[in-house]
Amino acid sequence: MESLKQENRVFNPPVEFVQGAAISGMDAYDALCAEAEKDYEGFWGRLARENLYWKKPFTKVLDESKAPFYKWFEDGLTNASYNCIDRNIEKGLGDKTAIIFEADDGTVSTVTYQDLLGRVCKMANALRKRGLQSGDRVIIYMSMSIEGIVAMQACARIGAIHSVVFGGFSAKSLHERIVDVGAVAVITADEQFRGGKSLPLKTIVDEALSLGGCEKVKNVIVYQRTGGKIPLTAGLDVWMHEIVANEAITCEPEWVSAEHPLFILYTSGSTGKPKGVQHSTGGYLLWTMLTMKWTFDIKPSDVFWCTADIGWITGHSYITYGPLAVGCTQIVFEGVPTYPNAGRFWEMIQKHQVSIFYTAPTAIRSLIKASSNDAAIHPRSYDLSSLRLLGSVGEPINPEAWMWYYENVGGSRCPIADTFWQTETGGHMISPLPGATPMVPGSCTLPLPGIMAAIVDEAGHDVPNGSGGILVVKRPWPSMIRTIWNDPDRFIKSYFPEELGGTLYLAGDGAIRNIETGYFTITGRIDDVLNVSGHRMGTMEIESCLVANPLVAEAAVVGRPDELTGEAICVFVVLKGGRPTGEEAKKIATELRNWVGKEIGPIAKPKDVRFGDNLPKTRSGKIMRRLLRVIAKGEEITQDTSTLENPAILEQLKEAL
Ligand code: PRX
């Protein structure tokens, strides 16, 4: 934070970039903002008409009558898959490469828009034949593959609502999502390849289904990826290649209301249970397209590469939907950035002539570290001259990582779009525009046109620039979350809380604006949500998982800053059998780490486990998490501990294993 406050380096977009950009110069940005300010509905209505294909045009832009359950373009009929594929073919892009797929082992395959249409239609027909209908929920539990994208697009084509679960989540997490969403089908793969290894998928689906309550699931469709041996249950499991084999390569799309749910994606919140974030068809697709044009300045000749996984929102918006909706060529990568070595990203950019590269700060930081003593895998050892634009997403990018990315990857010539957004926002909210906004390392700069972001105090009043506060959005926007699946009350409480007046969208992040420029800098979550390697983790989720372990009496989870992963998970545990020490403590810590890995998924494994006879509590029994955060950081406790019931245990908790 300190280094951000002092950051005063400014990098202007290169002149040639500005000249050719979709939004060229700050005047063009200001004009769009002014248009939105003057006639908000007119602005969005114009963009929706210009950008999307409407089978039946909408007559009303925004319906606020049931706020905060906003509706956009509701009486318009459209289809996401049609907009992403057929429409490009009608524009003459049938032979254009839609996807360049690079497998973990380096094998490359490509599909054109025409090929993609055939594959999506075959799958959509097969789904229909198996009884799937508009509104049915389908769980997709796959790794990065063309088939994963085909599965998502095929659901969209028939109006089925997909819910993709990241392939690194455990059987228990998968089960929880299958049940909550009420899935009628699961699409998965036999196994996945990652970093030279094959890892299970189908057996985890089997385990999840065996946990009960999944009776609605009538089909498990399996993509054969590795050829590994997996059992198939007759009457339930089918091979994807078998069910699509005899299907037609055309399929009439299901024309749905713009408000028809396109997908539900689970994310962590501040209470234990993950939230099913529900997105719409029309508004969502509109914003993924517009941000491809505005933030990524996408051009017909670009080769776009977003390194996210389709299991996260970034993979939904900037792999499955946005890039296809604007008809671009994109890279889809199955593997990991460090296999066969940490030069993989740079080698792939060189090989495929990537022009726009979008990745996460954690990846950048780990590649900085890896290349610091190995010149062969340093970006300078590759020809990265095809790049013209870089992007960052998922967590704050520290100015040091920004500078390294800018100089070594972008050759000091590529603008960096530091895109702030969330699962709930559907697309970018605050980001520099590459042909307009002067950049400051570590700041996501200014809201995109039409996004009314602001910073308020705890009563919902605007704070002046220079004073930190709570990040909110003052007006609804088309790609915003529509509700939390099965829990509309939680939707209102989480995002439109009474304390802020009930009309402001609460992002859950703190932010500060620069006094002179008004630039936003995100200061981190203000709730009990951690951001580990750009992945959102609820502290309560990890706590409930720990207390479910038979050894554990009580647990508290906090985050602490980590050079590589942004934040690291630190847990404080009280065991039922008393406080362990020495080798025994180490053994139990490993056991608990593995427990969390098994129960939630490897991404939730705590980095630091500490044991105490108790946790620091106030006399009323509340765990003092503030103190735990200080202890986790290894800092001296300066705050008053006189209200603590049991100050002596602080010494125990300071002991790292
Ligand atoms: O805390 C913010 C952080 O990631 C959170 C959203 O996480 P998720 O829903 O998983 O979506 C990640 C991909 C969009 C935010 O509340 N965050 C995301 N992007 C940035 C960021 N923090 C700072 N700068 C960013 N560019």
Side-chain angles (χ1 to χ4, degrees), residues 1 4 7 164 166 168-169 263-270 274-279 284 287-288 291 295 306-319 321-322 358-365 390-399 401-402 405 416-432 437 439-448 451 453 470-473 479-481 484 494-495 505-512 519-539 541 559 561 565-567 603-604:
M1 230 2 255
L4 281 183
E7 184 60 62
V164 184
F166 174 60
F169 274 120
F263 64 86
I264 295 160
L265 182 60
Y266 285 84
T267 189
S268 295
S270 36
K275 309 188 260 201
V277 173
Q278 180 182 319
H279 277 288
Y284 171 80
W287 195 231
T288 62
T291 46
T295 317
C306 164
T307 68
D309 190 286
I310 50 167
W312 310 115
I313 190 68
T314 309
H316 282 60
S317 303
Y318 300 106
I319 295 177
Y321 292 108
Y358 190 35
T359 197
T362 290
I364 298 167
R365 287 190 297 261
L390 302 174
S392 169
V393 59
E395 44 181 326
I397 179 162
N398 47 311
W402 194 101
Y405 195 31
I416 298 180
D418 173 4
T419 61
F420 168 83
W421 59 296
Q422 309 175 294
T423 305
E424 294 87 343
T425 69
H428 305 153
M429 298 298 276
I430 309 180
S431 173
T437 324
M439 294 162 287
V440 172
S443 166
C444 50
T445 74
L446 297 169
L448 295 184
I451 302 299
I470 301 170
L471 181 65
V472 296
V473 187
S479 70
M480 68 191 291
I481 173 177
I484 293 177
S494 309
Y495 303 111
Y505 167 82
L506 174 70
D509 283 287
I512 185 166
Y519 277 15
F520 287 73
T521 293
I522 306 297
T523 52
R525 298 288 306 191
I526 52 169
D527 53 10
D528 295 320
V529 171
L530 307 181
N531 192 326
V532 183
S533 301
H535 298 145
R536 238 164 103 164
M537 300 298 327
T539 52
E541 209 174 324
T565 58
E567 262 186 308
I603 51 169

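All residue numbers in this chain count up from 1 along the given sequence. Bear in mind the structure is a predicted one, so any value in this text is a computation, not a measurement. One-based numbering, in listed order, for ligands and for the atoms of each.
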Using distance alone, decide if ligand 1 has a nitrogen or oxygen within less than 3.5 Å of any nitrogen or oxygen in Glu424.
no
N/O donor-acceptor pair under 3.5 Å between Thr419 side chain and Ser431 backbone
no
Test your reading of the structure: does Asp509 have an N or O sitting under 3.5 Å from an N or O of ligand 1?
yes
Ligand-residue contact atoms, ligand 1 with Val393, heavy atoms, under 4.0 Å:
13 (C), 14 (C)
pair Leu471-Ile522: side-chain heavy atoms closer than 4.5 Å:
yes
Thr423 N/O under 3.5 Å from ligand 1 N/O
yes
Is the shortest N/O to N/O distance between Asp418 and ligand 1 below 3.5 Å?
yes
Given the side-chain rings of Tyr284 and Phe263, with only the six-membered ring counted for Trp, is the space between their centroids under 6.0 Å?
yes
Proximal ligand 1 atoms for Asn531, defined as those under 4.0 Å from one of its heavy atoms:
3 (C), 4 (O)
Verify, without hydrogens or angle tests, whether Trp287 (side chain) and His428 (backbone) share a donor-acceptor contact under 3.5 angstrom.
yes
Note: heavy atom closest to atom 22 (N) of ligand 1, options Pro396, Ala417, Ser268, Ala507, belongs to Pro396
Evaluating non-hydrogen atoms only, which member of Val277, Thr419, Asp527 is closest to atom 26 (N) of ligand 1?
Thr419
Any donor-acceptor pair under 3.5 Å linking the side chain of His279 with the backbone of Thr423?
yes
re atom 10 (O) of ligand 1, the protein heavy-atom contact at minimum distance is Arg536 CD, 3.4 Å
Any side-chain heavy atom of Asp418 sitting closer than 4.5 Å to one from Thr445?
no
Nearest non-hydrogen protein atom to atom 20 (C) of ligand 1, with distance, is Glu395 N, 3.6 Å
Does ligand 1 have a heavy atom under 4.0 Å from the side chain of Arg525, from its backbone, from both, or from neither?
side chain
Side chain to side chain contact (heavy atoms under 4.5 Å, CB included) partner of Tyr358, chosen from Thr314, Leu390, Thr307, Ile319:
Thr314
Which atom of Gly426 lies closest to which atom of Ser317, heavy atoms considered
O-OG, 2.7 Å
Could you say whether the N/O atoms of Gly394 and ligand 1 ever approach to under 3.5 Å?
yes
For Tyr318 and Thr291, does a side-chain donor sit closer than 3.5 Å to a side-chain acceptor?
yes
Under 4.0 Å to a heavy atom of Trp421 - the qualifying atoms of ligand 1, by number:
6 (C), 14 (C), 15 (C), 18 (C), 19 (N)
Specify the protein heavy atom at minimum distance from atom 13 (C) of ligand 1: its residue, its atom name, and the distance to 0.1 Å.
Thr314 OG1, 3.4 Å
